[in-house]
Each structure stands twice: as C-alpha cells, then as structure tokens.
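Written below as structure tokens is the structure these notes are about.
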Amino acid sequence: MRGGDARTEALFSYVSCEARVPMDHPLRAIGKIVNEALTALSAEFEKLYAKSGRPSIAPEKLLRALLLQAFYSVRSERQLMEQLDYNLLFRWFVGLSLDAVVWDVTVFTKNRERLIAGDIAAQFMAAVLNQERVKTLLSDDHFSVDGTLIEAWASMKSFRPKDGSGEPPAPGRNGERDFHGEKRRNETHASTTDPDARLYRKGWGQPAKLAYLGHVLMENRHALVVDARLTLATGTAERAAGLEMMAARPGNHRITLGADKAYDVAGFVADLREYNVTPHVAQNTKNRRSAIDARTTRHPGDAVSGRVRKRIEEVFGWAKGAAGFGKTHHRGLPRVGWMFTLTATAYNLVRLPKLVGAVA
C-alpha cells in the first residue's frame with residue numbers, strides 16, 4: 001500500500017544527537033583525538049580570555065567547527081553557521097544541543113581572531129602529534145619538505161601601482177581594466193584587496209597569480225604533517241621555510257630531508273649539512289651542476305627518500321581539493337597562515353584513526 005505524503009511533525013523529540021550518530025561514524029574516532037588535544041590546550045586558552053565579563057564562544061567549540069569546515073568542504077563561515085543550525089551531525093561534533101542557538105557569523109569570525117593572535121593552530125597541531133598513540137607513528141629521523149601555491153583572495157584588477165598612478169577599473173560590480181602592456185612587479189605594485197599577496201609564477205609557461213606559498217614538513221614513516229608554514233610568494237621562500245622548519249625540529253641527531261629539484265641549491269644544501277641534516281634532494285642537472293654529489297646518492301636511503309617524498313603531494317591535493325584551500329577565502333598573511341596550519345592538522349586527523357587502529 002502506498003504511504004501518505006502527509007508531514008509527520010512532532011512537538012517534542014526524545015532522540016538525542018548522540019543517538020543519531022552511528023557508532024562506526026568516522027567522526028567518532030576523530031573526535032576522541034580532537035578532544036584529547038583540546039584538553040591539553042586548556043591552559044593556553046585561559047591565557048587568551050579575561051577572568052570576568054560576558055562569556056564568549058568556547059574555543060573548543062570554535063576549533064571543532066572550523067575542523068568541520070575542512071572535513072566537509074564548507075566554503076564559508078556563513079554556510080558553516082547555516083549547517084550548524086540544522087545538521088545534527090555537525091551539532092553533535094561541535095558540542096551543541098538541539099536547542100542551542102547558533103552563533104552569528106560575525107561573532108564567530110571575531111572570536112576566531114583571538115585564536116589567531118594566540119597562534120593556537122600550531123599549538124593544536126603539536127597537541128595532536130604529542131599524544132602517545134600518535135607519537136609511535138612518527139619518524140624522528142626521516143622527513144620530506146615541499147611547497148605549494150595558494151591563490152590569494154584578490155583579483156588581478158586590484159594589483160595597482162603603489163604610488164596611486166594608473167587607470168582605475170571602470171565603474172560597476174566587475175568593471176573592466178586594461179593592463180595589457182603594463183609592467184607590473186611586486187616592487188612597484190600591490191593589491192588593494194590583500195596587500196600581503198604577491199604576484200608569483202610557479203614555473204615557465206605558467207600564468208602569474210596573486211598568491212602565497214604554503215610549506216609542509218612531513219615525516220616519512222606514515223606521511224603525517226609535523227609542521228606547516230605560510231610565507232609571502234618569493235623565489236627563495238621554499239628553501240627559507242624548509243630551513244626554518246628543520247631548525248625547529250627537536251634534538252641534534254642526524255636526520256634526512258627529502259625534497260624536489262627546486263631545493264637543489266648549493267647554499268641550501270650547505271645550510272642543511274650545518275644543521276646535521278643529510279640532504280636527500282633530487283638532482284637538478286639541466287644546464288647546471290647539481291649541489292648533490294656521490295656522498296649522498298651512493299646510499300640506498302637517498303632513493304627511498306625520493307620515492308616517499310612524493311606522498312607530500314597528497315597533503316596538498318587534499319587541502320586544495322577536499323578542504324577547499326586551492327584559493328584561500330581569507331586575506332592577510334597571519335589569517336591565511338593560521339588557516340593553512342589548521343587545514344594541515346585536519347589532514348592528519350582524517351588519516352589518524354586508521355593508522356592508530358592499525359598499530360593497536
């Protein structure tokens with residue numbers, strides 16, 4: 001018999017969000033790791049808030065909501081608040097009851113700024129990696145580094161002379177501006193939308209874009225991100241960020257670092273050796289002499305690092321494809337960098353439940 005199409009609305013519901021989420025849902029395993037890391041950060045959260053006054057959004061809830069934005073490709077905070085209003089799974093993960101009022105989007109973004117100022121994203125990544133069940137997965141000896149282009153949230157029309165000269169765009173929502181034949185350089189021009197964005201071209205034959213550079217340091221045992229940085233887009237930023245991340249590694253024992261041909265520069269290789277780091281860098285012999293010689297290539301570990309380091313592209317692929325970070329929706333180096341680090345942590349969290357379960 002055909003069922004009726006009448007709406008069956010009840011005045012009260014006796015089923016909680018906890019009961020609605022299946023016991024084998026991936027977010028349950030992720031939530032345990034997240035909650036343990038947030039508990040470890042409680043003292044850091046206390047430093048960011050006044051002892052009296054009106055309560056703000058709990059930083060734990062704010063971070064869980066931002067993680068959901070990366071997990072489920074929610075493209076804006078406004079849509080995230082909309083999802084939190086009616087999505088029971090989102091409410092359960094964040095820690096909101098069915099009757100809790102969802103925050104206004106401007107209040108949410110204002111509270112996020114406090115966490116950016118406190119560099120909570122980097123501390124959150126460290127808190128996840130410092131858990132005992134996660135530590136056993138990490139390599140202390142072998143790492144890989146690479147960088148990727150993060151397109152800025154700014155139009156090429158906004159890239160105008162710093163001295164105020166030049167033709168402004170035509171009136172209208174998307175006014176025309178003819179900049180063909182105009183020599184535009186980062187030294188003389190800047191974006192009026194995002195002054196931190198730099199005009200950058202990834203390689204020969206590639207278009208120049210207003211962008212940042214995101215850098216990731218990956219351990220080679222299970223390909224988990226152990227450090228993430230965002231810098232201005234310059235020709236030397238990848239190597240400079242790589243050195244900074246290696247210098248920040250604990251201990252002084254000999255370690256290896258895999259990298260692609262862009263890192264085959266004599267100065268970079270020499271600096272790595274000073275840090276007691278063996279450079280497993282791919283040789284660039286096109287019309288030049290490589291800085292990597294037989295001292296490195298004769299060891300079989302160099303070939304192993306060359307194969308494993310390619311897994312770092314999975315981080316960038318997930319961040320740009322699933323988490324929507326191919327073109328950032330934020331402006332300014334501090335805010336974009338904070339979100340990039342949080343997105344790298346979200347990548348780790350997606351992979352950790354299976355890795356932890358396999359080891360256990």
Side-chain angles (χ1 to χ4, degrees), residues 113 116-117 119 145-217 227-248 259-272 281 284 286-288 291 316 319-320 325-341 343:
E113 295 302 306
I116 294 175
D119 197 23
V145 68
D146 202 1
T148 189
L149 194 71
I150 305 295
E151 192 173 349
W153 190 254
S155 169
M156 291 295 292
K157 297 177 184 178
S158 71
F159 196 62
R160 302 183 59 190
K162 295 179 181 179
D163 59 8
S165 62
E167 292 289 334
R173 184 172 181 272
N174 192 19
E176 295 290 336
R177 180 171 181 265
D178 185 11
F179 47 76
H180 294 288
E182 178 184 345
K183 291 185 178 180
R184 298 186 298 172
R185 297 178 300 171
N186 290 316
E187 294 77 9
T188 58
H189 290 62
S191 171
T192 57
T193 304
D194 186 356
D196 287 340
R198 295 291 183 270
L199 194 65
Y200 188 81
R201 182 172 60 182
K202 187 65 175 175
W204 294 108
Q206 299 293 322
K209 299 179 180 180
L210 290 172
Y212 295 93
L213 283 179
H215 314 273
V216 162
L217 183 67
D227 201 347
R229 309 285 176 95
L230 189 99
T231 64
L232 301 178
T234 67
T236 60
E238 286 187 282
R239 296 185 292 276
L243 286 174
E244 289 179 5
M245 290 189 286
M246 294 311 296
D260 59 27
K261 293 181 180 180
Y263 295 83
D264 185 7
V265 176
F268 177 75
V269 171
D271 289 339
L272 285 182
V281 177
N284 184 3
K286 186 176 181 180
N287 300 324
R288 62 189 294 273
F316 299 142
K320 293 183 176 183
F325 219 87
K327 182 171 184 175
T328 178
H329 292 174
H330 303 86
R331 295 170 183 164
L333 185 65
R335 188 177 295 112
V336 179
W338 193 89
M339 292 301 301
F340 181 74
T341 302
T343 302

Hey, does the side chain of [X] reach the backbone of [Y] with a donor-acceptor pair shorter than 3.5 angstrom?
| X | Y | value |
| --- | --- | --- |
| K320 | L149 | yes |
| T341 | G337 | yes |
| N284 | D264 | no |
| D196 | L333 | yes |

Given side chains that start at C-beta, do those of [X] and [Y] come closer than 4.5 Å, heavy atoms only?
| X | Y | result |
| --- | --- | --- |
| L272 | Y263 | no |
| Y200 | N186 | no |
| I150 | F316 | no |
| K209 | K202 | no |
| L213 | R229 | no |
| W153 | H330 | no |
| M245 | V145 | yes |
| M156 | R184 | yes |

Distance-minimising heavy-atom pair for [X] and [Y]:
| X | Y | value |
| --- | --- | --- |
| E238 | A262 | OE1-CB, 4.3 Å |
| I116 | P334 | CG2-O, 4.0 Å |
| R331 | R335 | O-NH1, 2.8 Å |
| S191 | S158 | OG-OG, 2.8 Å |
| V336 | F325 | O-CZ, 3.7 Å |

Taking E187 first and then K162, would you say they form a salt bridge - that is, a charged N and a carboxylate O separated by under 4.0 Å?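 Answer for the salt bridge query: no.
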
Under-4.0 Å salt bridge between R239 and D271: no

Would you find more than 12 non-hydrogen atoms of other residues, nucleotides or ligands less than 6.0 Å from K261 atom NZ?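 Atom NZ in K261 is not crowded, with 12 or fewer foreign heavy atoms closer than 6.0 Å.
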
How about R185: does its CZ atom have over 12 heavy atoms from other parts shown lying under 6.0 Å from it? no

After noting the C-alpha distance and the side-chain angles of L210 and D194, does the key distance pass the side-chain contact (heavy atoms from CB on, under 4.5 Å) rule? CA-CA 9 Å; L210 290 172; D194 186 356; over 6 Å; no

